[in-house]
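Here the structure comes first, spelled out in structure tokens, and everything after it is commentary.
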2 protein chains.
Amino acid sequence: MHIERAISAVHSLIRVKTKSSIVAKPPSQNTPLTEHLAYLLAQANREINRQLESRLAKEGVPVEQWRILKVLFDGNGRSMGELADAVLLNHPTLTKIVDRMVSDALVYRVQDPKDRRKVLMFCSERGKILCQRLNSLAMSQEAHIVENYGNKSTNELKRLLESLIDSAN
Amino acid sequence: MHIERAISAVHSLIRVKTKSSIVAKPPSQNTPLTEHLAYLLAQANREINRQLESRLAKEGVPVEQWRILKVLFDGNGRSMGELADAVLLNHPTLTKIVDRMVSDALVYRVQDPKDRRKVLMFCSERGKILCQRLNSLAMSQEAHIVENYGNKSTNELKRLLESLIDSAN
DNA sequence: TGGCAATTGTTGAAGTTTCAATATTTTCGC
DNA sequence: GCGAAAATATTGAAACTTCAACAATTGCCA
């Protein structure tokens with residue numbers, strides 16, 4: 001019985017090894033950390049975000065505030081919930097960042113007349129002017145990436161990221 | 001003089017517009033937030049990291065701790081600096097996470113005999129056993145991604161991310 | 001209609017990360 | 001070999017994020 005099990009185990013190992021090396025990657029438990037998609041995304045995000053951060057630092061503005069300004073730039077108000085989704089922040093964090101931006105007169109709150117639970121956020125003139133300067137800095141970062149990485153790769157990567165995000169929802 | 005500058009400005013606008021619409025994407029200042037590479041990376045990272053986090057939560061372990069265990073699994077000691085680079089954390093943060101893991105007997109510190117400024121980190125037996133359970137959870141997440149997103153896209157995305165990271169250094 | 005559940009945003013406490021300063025050890029020039 | 005500069009890890013304070021509870025308003029349905 002032990003022997004039979006051992007033989008059967010060997011057979012299945014051989015079969016799996018053969019099949020997997022032809023059809024697909026073997027599902028090894030020992031995949032290095034650096035081959036996990038989650039890790040590669042974290043690493044790339046960290047690096048690119050750092051670059052952007054250091055550009056925007058010329059205006060003394062954190063990345064999150066740039067995102068907020070950019071979303072509000074069109075002049076249509078957004079509720080805190082909509083805004084939080086758009087800028088990838090959870091609600092309490094957004095509330096506190098917005099508090100600071102209100103102090104800096106970059107954005108302002110208006111009670112939504114249609115639904116008085118809601119607050120509509122708007123961008124001030126000052127906020128819009130700052131936003132445009134920040135946009136330039138951000139564009140120059142993307143240009144720098146495209147220089148080193150190539151236009152084709154950049155567009156292909158964007159396309160794949162969009163479809164990954166789609167497929168995850 | 002004013003007129004000449006104006007004409008020259010118009011010319012250069014036309015030239016740039018013509019050239020850019022043939023050669024590359026026009027560098028509009030009004031690119032939506034959702035088309036910036038930095039944003040797409042942040043969004044994808046957030047989503048995939050959330051998924052992984054919720055899987056690893058079955059063992060009550062944060063993603064960072066899994067990364068640390070995985071790096072140390074091979075039994076070769078790593079200094080705090082090496083480990084911090086490998087797991088994408090800065091030094092003080094790593095020190096504090098490691099403190100917790102030492103309390104939980106998952107890892108341990110050894111003074112490096114070759115260089116007494118350094119501390120070598122190792123994974124305990126307990127840590128290795130936990131790491132293997134975590135690996136299974138992580139593998140099942142990747143399998144789930146591949147199911148929805150496709151094998152080809154996944155591999156292509158990984159390849160592009162790796163080369164982006166390369167090009168950024 | 002009246003009241004209960006759901007939605008929206010904020011708050012305060014707890015937890016986490018980051019920055020600057022520190023202690024220790026090594027390296028290197030002289 | 002000595003002393004200044006660099007490298008390594010940790011610490012404590014400050015800043016930030018997150019969690020859970022709360023207040024206000026709306027939607028629902030019986």
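Since the structure is predicted, the reported quantities are computational estimates derived from the model, not experimental observations. Each chain gets a letter, A, B and so on, in the order its sequence line appears, and its residues count up from 1.
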For this session: With sequence neighbours excluded, give me every salt bridge (charged side-chain N to carboxylate O under 4.0 Å, His left out) pair touching residues 113-129 of chain A.
Result: A:Asp115-A:Arg117

Problem set entry | Contact list for DNA chain D against residues 77-93 of chain B - heavy-atom distance below 4.0 Å | B:Ser79, B:Met80, B:Gly81, B:His91, B:Pro92

For this session: Not counting sequence neighbours, list each pair that qualifies as a ring pair (Phe, Tyr, Trp, His ring centres under 6.0 Å) and has a residue in residues 88-123 of chain B.
Result: B:Tyr108-B:Phe122

For this session: Go through the structure and list residues passing side-chain contact (heavy atoms from CB on, under 4.5 Å) with B:Arg109, not counting sequence neighbours.
Result: B:Met80, B:Thr95, B:Val98, B:Asp99, B:Val102, B:Val119, B:Met121

Problem set entry | Members besides B:Leu161 in its Ile/Leu/Val/Met/Phe/Trp/Tyr cluster (side-chain heavy atoms under 4.5 Å) | A:Leu37, A:Leu40, A:Leu41, A:Ile48, A:Ile145, A:Tyr149, A:Leu157, A:Leu160, A:Leu161, A:Leu164, A:Ile165, B:Leu37, B:Leu40, B:Leu41, B:Ile48, B:Ile145, B:Tyr149, B:Leu157, B:Leu160, B:Leu164, B:Ile165

For this session: Return yes if some donor-acceptor pair links the side-chain N/O of A:Lys158 with the main-chain N/O of B:His36 below 3.5 Å, else return no.
Result: no

Exercise. How close or far is atom P of D:dT17 from atom CG of A:Leu94, stated in whole angstroms?
Worked result: 11 Å

Seminar exercise, completed: Residue pairs passing the salt bridge (charged side-chain N to carboxylate O under 4.0 Å, His left out) test with at least one member in residues 39-64 of chain B, sequence neighbours excluded, are B:Glu59-B:Arg133

Exercise. Within a strict 4.5 Å, meaning less than it, do heavy atoms of the B:Leu130 and B:Trp66 side chains meet?
Worked result: no

For this session: Could you tell me from which nucleotide to which nucleotide of DNA chain C, 5' to 3', there is an atom under 4.0 Å from chain B heavy atoms?
Result: C:dT17 to C:dT26

For this session: Give the rounded distance in Å between these two atoms: NZ of B:Lys96 and P of D:dT17.
Result: 17 Å

Exercise. Any Lys/Arg nitrogen of A:Lys70 or A:Asp74 sitting under 4.0 Å from an Asp/Glu carboxylate oxygen of the other?
Worked result: no

Exercise. Can you tell me if B:Ser153 uses its side chain to pair, donor with acceptor, with the backbone of B:Gly150 under 3.5 Å?
Worked result: no

Exercise. Which residues pass the side-chain contact (heavy atoms from CB on, under 4.5 Å) test with A:Val146, sequence neighbours left out?
Worked result: A:Asn151, A:Thr154

For this session: Map B:Arg100 and A:Asp99 onto DNA chain C by nearest heavy atom, then report which one ends up closer to the 5' terminus.
Result: A:Asp99

Problem set entry | Side-chain touch A:Arg78/A:Leu120, heavy atoms, less than 4.5 angstrom | no

Problem set entry | Partners passing side-chain contact (heavy atoms from CB on, under 4.5 Å) against A:Ser54 (at least two apart in sequence or in another chain) | none

Problem set entry | Interface residues of residues 107-117 of chain B with DNA chain C (non-hydrogen, below 4.0 angstrom) | B:Asp115, B:Arg116, B:Arg117

Problem set entry | Nucleic acid contacts of residues 51-68 of chain B, taken as heavy-atom distances under 4.0 Å to DNA chain C | none

For this session: Could you state the atom-to-atom distance from CD1 of A:Ile97 to P of D:dA15 in whole Å?
Result: 15 Å

Problem set entry | Nearest-Å distance for atom pair CE/P, residues B:Met101 and D:dT10 | 14 Å

For this session: Could you list all the salt bridge (charged side-chain N to carboxylate O under 4.0 Å, His left out) pairs where at least one residue sits in residues 82-95 of chain B, not counting sequence neighbours?
Result: none

